[in-house]
Amino acid sequence: MNALQEYFDQNGVTRYQVAKQTGIANTTLANAVKETKPLSGQTVKVITAVAQALGKTPGQVLDDLIELDEDNSK
């Protein structure tokens with residue numbers, strides 16, 4: 001599973017909710033959660049939107065995503 005999609009699931013948020021709250025396009029988020037999209041390919045725009053929707057800093061979101069990605073690769 002894509003780390004970003006797993007992060008959405010763990011935080012009980014959907015792509016639609018993030019798009020609605022932040023104004024980022026739902027298609028941008030759909031591309032970000034594709035199975036083939038590596039964490040290293042995520043944009044600052046996406047990370048910032050997720051952080052805004054969850055009331056976190058972009059750094060916190062990125063740290064969480066890196067941890068998830070590392071756990072998934074074990």
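One-based numbering along the sequence shown.
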* Asked: If you take all heavy atoms of A19 and A25, which pair is closest and at what distance?
  -> CB-C, 4.5 Å
* Structure fact -> In this structure, CG of L62 is separated from OG1 of T48 (nearest 0.5 Å) by 10.0 Å
* Is the closest side-chain heavy-atom distance between I47 and L65 below 4.5 Å? -> yes
* **Beyond-backbone contact of N72 with M1, side-chain heavy atoms, under 4.5 angstrom** => no
* **Pair listing, side-chain hydrogen bond (donor to acceptor under 3.5 Å, both in side chains) test, anchored in residues 17-27, at least two apart** => T14-Q17
* Asked: Do you know the tightest heavy-atom contact between L29 and V46?
  -> CD2-CG1, 4.2 Å
* To do: Any side-chain hydrogen bond (donor to acceptor under 3.5 Å, both in side chains) involving residues 29-40? Give me the pairs, sequence neighbours left out, ordered by first then second residue.
  => N31-K34
* Asked: Hey, are the side chains of E70 and I66 touching, using non-hydrogen atoms and a 4.5 Å cut-off?
  -> yes
* Considering residues at least two apart in sequence or located in another chain, which fulfil the salt bridge (charged side-chain N to carboxylate O under 4.0 Å, His left out) criterion with D64? -> K56
* Do L39 and L4 have side-chain heavy atoms sitting under 4.5 Å apart? -> no
* To do: Might you point out which heavy atoms bring A51 and P58 nearest each other, and give the distance in Å?
  => CB-N, 3.6 Å
* For the residue pair N2 and E6, confirm or rule out a side-chain donor-acceptor distance under 3.5 Å. => no
* Under a 4.5 Å cut-off applied to non-hydrogen side-chain atoms, are Y7 and L54 in contact? -> yes
* Q52 vs V18 side-chain heavy atoms within contact, under 4.5 Å -> no
